[in-house]
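Throughout, a chain's letter reflects where its sequence line sits, starting with A, and its residues are numbered from 1.
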Amino acid sequence: MKTTTFKVWQGNSDGGELKTYEVEVDQGYVVLDAIHRIQAEQANDLAVRWNCKAGKCGSCSAEVNGSPKLMCMTRIDELPADKPITVEPMRTFPVVKDLVTDVSWNYEVKASIKRFSPKTADHEDGSWDMDQYDVERPQEFRKCIECFLCQDVCHVLRDHQLHDRFAGPRHYVYVANMEMNPIDTGDRVAELREELGIGYCNITKCCTKVCPEGITITDNAIIPLKERVVDQSYDPLARLIKLVKGSGD
Amino acid sequence: MTQHQVLEYDVVVIGAGGAGLRAAIEAAAKGASVGLICKSLLGKAHTVMAEGGVAAALANVDDRDSWKVHFADTMRGGHYLNAWRMAELHAQEAPERVRELEGWGAIMDRTPDGLINQRNFGGHAYPRLAHVGDRTGLEMIRTLQDHGIHEGIDVHMEVTVSKLLMDGGRCAGALAYDRERGRFKAFKAKAVVMATGGIGRAFLVTSNSWEYTGDGHALAYHVGAELVDMEFVQFHPTGMVWPPSVRGILVTEGVRGEGGILKNSEGRRFMFEDIPPLYKESTADTPEEGWRYVVGDREARRPPELLTRDHVARKIVKEVQEGRGSPHGGAFLDIAWIKEHIKDSEDHIKKKLPSMYHQFKELAGIDITKEPMEVGPTTHYAMGGIRVDPDSQMSTTVPGLFAAGECAAGLHGANRLGGNSLSDLLVFGKRAGEYAAEFAAGNTPVHLQDEQIDLAVQEALSPLERDPGADVGPYRLQYELQHLMQDKAGIAREEGGLTEALNELQELKTRAQAMGAGGSREYNPGWHTTLDLQSLLTVAEAVVMASQARKESRGAHSRLDYLDKDPEWGTVNLVLKKGHDGEMELRREVIPEIPEELQKIIEEQG
Ligand SMILES: Cc1cc2nc3c(=O)[nH]c(=O)nc-3n(C[C@H](O)[C@H](O)[C@H](O)COP(=O)(O)OP(=O)(O)OC[C@H]3O[C@@H](n4cnc5c(N)ncnc54)[C@H](O)[C@@H]3O)c2cc1C
Ligand code: SF4
Ligand code: SF4
Ligand code: FES
């Protein structure tokens, strides 16, 4: 067991500061273990979200040494040992307290997006035939654990604060999952262009780099959606074909 | 009078895992106004962690499957202590509940014909678990969440219920506080559905999250609901054992379903030894036959790694105790060996078990496509819970209070089969929502009493008014409780230890009631833990009392001093209820006789 120095941001919407803690670190410790130890031994009221401690729920997002990470999947022995480890809340969302931020905006955006609407079932028992090959892509998007790290890192939200007109990479992944579901009949292209503001994305790929689920957000979700938007906006023929096809099968 | 906001609904659902979400969706569909309350953010409940799959006799992979076989498997797995009516409804309704998820946006893995694929799991006669790789729970909760947000349900996230409110003998709502600011909310409701999940945090080594403090069990118990089967706590055979920081994290049974085998330090496949008589006929004789089963040979029988969880967990403990364990006190679970049979085994494993691959790679530095994992038992699931009517899911003693999912009891008896929880959530979540809405429509409005609310608020605030420095603090106290339960009420129990546990629990209770929490009402986990401790202590007492009373070993309950099953106990459930003097009372209740046609199904299925 060795001692490591942590600097943890503590405060609330009125402001806060980095507080220094010396923590005994066990073998295999992840950052969340250290935070729990601080909570148990030195600061009982330190606020942090977590649930699964196995990278499955997307609750424990924070900025570790300045990069967006899941605290439960960030091993301490993989961070530079010669300087203190800083842990701060996600910067793109308002702070509630300490490491906990107000992510409710994400839930509001999602609820505003046109819902999934399936075509009539293929079989009497209410089931559909889908080929594994055809569902690989939407299944990639459905791996999303809603950690919002991609939202945190995207400059449109982080630096430009365009929360009122840009839905963010998480929600393009969400839309792509429905658009590419073989049994969905919804059309969300106009919405993508208008309310969801996909045009603000300039394909920097920062979101893809931080996604803990390894979802290829930019190449597989955003770019194909942008192509659909372009097709529909500037190519009336493509739009017509899509309409006919969409209702035909 | 205290300050609190009053919110009124026909139906309030407490808990937004699979069971709560499914209940809320159904209640809303039946026209009820619905409030849904959860301790965490929406979509983060325990259900998100489920890996292996959801059991339903769709018969897509093996057409010999049917609800009857699923029913018989569930009863056998539960050592016949199950509420047979629940097992019947569950097996009959699960297929439809799973199929409807795809109409709400779920996409399960497919068979070559484009149907929902199904995999093998312990105790299920045929490949029965619909799944998406090893992230089935995520698929399920996200589907229900994304559907539910368009159904007119009011969601109250990061709000914790601390008391149920009563109007005479009838449940009338709940008092809760928000985590963000510690503001109180009184929910007034004609019907309440409890869907709070399990109790795993009462033990030291567990696959469960901080939320699993048995709140629903305790809240219901304190207003007069009966608890049943509390001695049956499932220890999943395969949790991670190394490094220490990940101890307890689950390794899905899907690893064994895909062909993973268990070995001891001598390299022996010890599961081939001591096969229980109930399963002798249906278990493979040789590794070769076992592998044929894994790849779908209909003539082959199951490999012994796929025996029920109680048995596999005990076998691992035995190997460790007899000195044949792995370096960190577990057994070896090997999936890499399938390279002997499959050409692209590395890709195959990554495709079928992506999150296991990731979890071991990131957290333990182990590549499961090349090396074996070290695994050992971890506290996983509570078979016991709120006793309900099998059809409506209403509490047997508190009108207006319903329960579904892990916090309710009956379906699983003495041991739950893998995959039968996710299907439980769907089938009985729907039923609870439906009957709660019906109850709300058919009954008069309720009245909330200010004195009750004031008292509950004061109780919740009291830790903040006490000296936080007087004892070891809430986390350490919880740790002491976990230690106690792990040592004395864990996977192997005996009279002396259980008696000690009961006494020590009384002492912990006294200390918990005097526990102070420092800090303010604003997002203060120390304060929240102090309150959660009260629930944990109630469920711990229930587990210990029932374990002490059941003087036999059956399913998940193992007594070192009563090693065998006792037929006399084979027809009895243990029921716990709060007595008039506030003490926990226990009684035996004989299970109602099973109808002839169901008995026939059990016999036919061997
Ligand atoms: C790692 C893991 C893997 C698993 N894999 C499988 C599998 O493959 N197949 C299978 O069938 N089962 C599996 N299980 C079991 C299964 O996941 C759970 O039993 C099931 O998800 C429980 O669902 P639930 O709806 O009852 O509760 P949960 O999903 O746990 O939801 C409980 C809800 O109640 C809320 N809550 C609790 N207390 C309060 C309170 N006081 N106030 C307000 N809200 C409260 C929580 O916030 C949460 O929203 C697994 C379990 C684990 C831990
Ligand atoms: S690729 Fe687009 S969405 Fe992703 S971070 Fe860059 S600008 Fe944001
Ligand atoms: S897309 Fe990836 S980074 Fe974004 S919320 Fe989902 S899991 Fe997190
Ligand atoms: S705690 Fe669930 S992702 Fe970290």
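Other residues, nucleotides and ligands place more than 12 heavy atoms under 6.0 Å from the CD atom of A:E191. The environment of CZ in A:R37 is crowded: more than 12 heavy-atom neighbours from other residues, nucleotides or ligands sit within 6.0 Å.
Among the candidates B:N208, B:I249, B:L42, B:V246, the residue making the largest number of heavy-atom pairs closer than 4.5 Å to chain A is B:L42.
Side-chain contact check for B:K44 versus A:E146: some heavy-atom pair is nearer than 4.5 Å. At a threshold of 4.5 Å between non-hydrogen side-chain atoms, the residues A:M73 and B:L363 count as touching. The shortest distance between side-chain heavy atoms of B:I149 and A:R115 does not fall below 4.5 Å. Here the side chains of A:M130 and B:E102 are in contact, with some heavy-atom distance below 4.5 Å. Between B:W242 and A:Q27 the shortest side-chain heavy-atom distance falls below 4.5 Å.
At a 4.5 Å heavy-atom cutoff, the contact between B:Q145 and chain A is made by side-chain atoms alone.
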For this session: Decide yes or no on salt bridge (Lys or Arg N to Asp or Glu O under 4.0 Å) for A:E41 and B:R476, but give the supporting numbers first.
Result: CA-CA 8 Å; A:E41 294 169 1; B:R476 289 286 139 186; 3.0 Å; yes
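With no hydrogens or angles considered, a side-chain donor-acceptor pair links A:R142 and B:T143 at under 3.5 Å.
Ion pairing between a basic and an acidic side chain is recognised when a charged N comes within 4.0 Å of a carboxylate O; B:D146 and A:K110 show such pairing.
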